[in-house]
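Just so you know, these numbers come straight off a predicted model, no measurement behind them. Every chain is numbered from 1, with letters handed out A, B, ... down the list of sequences.
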Protein chains: 2
Amino acid sequence: MVYSTGDGGLQARTEGDADRLDAVFAALSHRSRRDLVVYLAARTDSPRMSQVAADRGVSPQLLNKHTAALEKAGLVRRVGDGRERRLVLDTVALIEAQQWIVRAREYWTARLDALDSYISTLEDDPDA
Amino acid sequence: MVYSTGDGGLQARTEGDADRLDAVFAALSHRSRRDLVVYLAARTDSPRMSQVAADRGVSPQLLNKHTAALEKAGLVRRVGDGRERRLVLDTVALIEAQQWIVRAREYWTARLDALDSYISTLEDDPDA
DNA sequence: CGTCGAGTAAACCATATGGTTTATTATTCG
DNA sequence: CGAATAATAAACCATATGGTTTACTCGACG
């Protein structure tokens with residue numbers, strides 16, 4: 001049997017949006033990257049890469065990889081052109097992810113509401 | 001050089017929570033699984049596996065795998081003991097994920113507020 | 001100029017993941 | 001019982017990912 005591999009078509013926005021969300025959720029699916037996000041969110045400055053690596057007890061190479069993942073997701077940016085570069089948070093993608101979740105929950109809430117009203121119907125008219 | 005592989009310790013709750021969040025975000029990092037979630041959220045009934053597979057144009061085997069991922073994340077449950085099983089949404093994990101994002105954004109907002117007050121300080125006292 | 005150090009790239013390995021094809025386990029129903 | 005069928009498991013392949021070790025680039029600075 002042959003199936004429509006991949007797509008499925010339902011609830012799609014644009015390809016780009018989907019890819020972006022893929023990247024955001026994938027980036028957040030790893031604990032040390034989540035920790036990195038809140039580490040950045042909690043500070044008032046933008047630390048240098050080596051600073052981050054030292055703070056988090058992670059090798060510069062690995063930090064570089066995780067940073068790349070977060071960058072791809074648009075959660076983080078590297079700034080600075082010199083020898084030293086700084087890591088800054090960019091929460092736009094985070095907001096997108098939250099909005100996706102909120103939308104999904106809204107559908108679900110609507111479903112619960114429908115159930116509620118159905119139950120009300122039953123209570124009003126037990127024969128229904 | 002030897003680095004403290006993995007942990008990092010920051011902002012950790014329990015191991016279980018972290019694993020759960022890993023699974024939730026990983027599950028949502030795939031578009032067809034996200035679509036599956038909203039597909040389920042949008043209906044008022046709990047469709048059978050074969051129904052879902054047909055609706056989404058996906059092989060039963062692949063649906064099974066995706067379902068396993070969502071199940072692992074606690075986003076979905078299979079109910080029914082007979083030959084036919086139904087898929088139901090379980091949004092508790094979704095709420096957890098949302099809460100993580102909200103918390104991260106709260107940190108970030110606090111940071112913006114700090115920046116604001118710093119700027120105010122500058123405006124009040126340009127020599128600061 | 002030389003070298004030191006921050007940051008990154010590359011090679012490489014082990015394991016995980018997405019997906020297909022093939023096979024197995026029930027459970028319903030003639 | 002026996003065939004059909006819903007659901008799942010298993011074997012397998014290609015590619016992606018996390019992580020380490022090694023090597024490169026490039027700006028600062030004596």
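The CZ-P distance, from A:R48 to C:dG5, rounds to 13 Å in whole Å. Atoms CG (B:D81) and C1' (D:dT8) sit 16 Å apart, rounded to a whole Å. Look at CD on A:E71: it is 9 Å from P on C:dA9, rounded to the nearest Å. In this structure, B:N64 atom CG and C:dT22 atom C1' are separated by 15 Å, rounded to whole Å. Look at CE on B:M49: it is 16 Å from P on C:dT27, rounded to the nearest Å. In this structure, A:K72 places its NZ atom 10 Å from P of D:dG18, rounding to the nearest Å. With rounding to whole Å, A:Q61 atom CD is found 17 Å from D:dT17 atom C1'. If you measure from atom CG of B:D22 to atom P of C:dA16, you get 13 Å, rounded to the nearest angstrom.
Contact check for B:L36 versus B:L63: side-chain heavy atoms found under the 4.5 Å cut-off. Contact check for A:L94 versus B:R105: side-chain heavy atoms found under the 4.5 Å cut-off. The closest side-chain heavy-atom distance from A:D90 to A:E71 is not below 4.5 Å. With a 4.5 Å cut-off on side-chain heavy atoms, A:R33 and A:L28 do not count as touching.
Listed pair A:H66 / D:dG19 meets the phosphate criterion, a side-chain N or O lying under 4.0 Å from OP1 or OP2. Contact check, A:S50 against C:dG5: no side-chain N or O comes under 4.0 Å of OP1 or OP2. Close to D:dG18, at under 4.0 Å from its OP1 or OP2, lies a side-chain N or O of A:R33. For D:dT8, the OP1/OP2 oxygens have a side-chain nitrogen or oxygen of B:R78 closer than 4.0 Å. Phosphate contact (OP1/OP2 of D:dA16, side-chain N/O of A:H30, threshold under 4.0 Å): absent. Between D:dG19 and A:S59, no contact under 4.0 Å exists linking OP1 or OP2 to a side-chain N or O.
Side-chain atoms of B:E84 stay outside donor-acceptor range of the base of D:dT5, with no qualifying N/O pair under 3.5 Å.
Closest contact between the side chain of B:R83 and the listed nucleotides C:dT8, D:dA28, D:dA4 involves D:dA4.
Ring-plane geometry between A:F25 and A:W100 is classed as perpendicular, the angle between the planes exceeding 60 degrees on a 0 to 90 degree scale with a lower cut at 30.
Between A:A69 and A:G82, the residue anchored nearer the 5' end of DNA chain D, judged by the nucleotide with its closest heavy atom, is A:A69.
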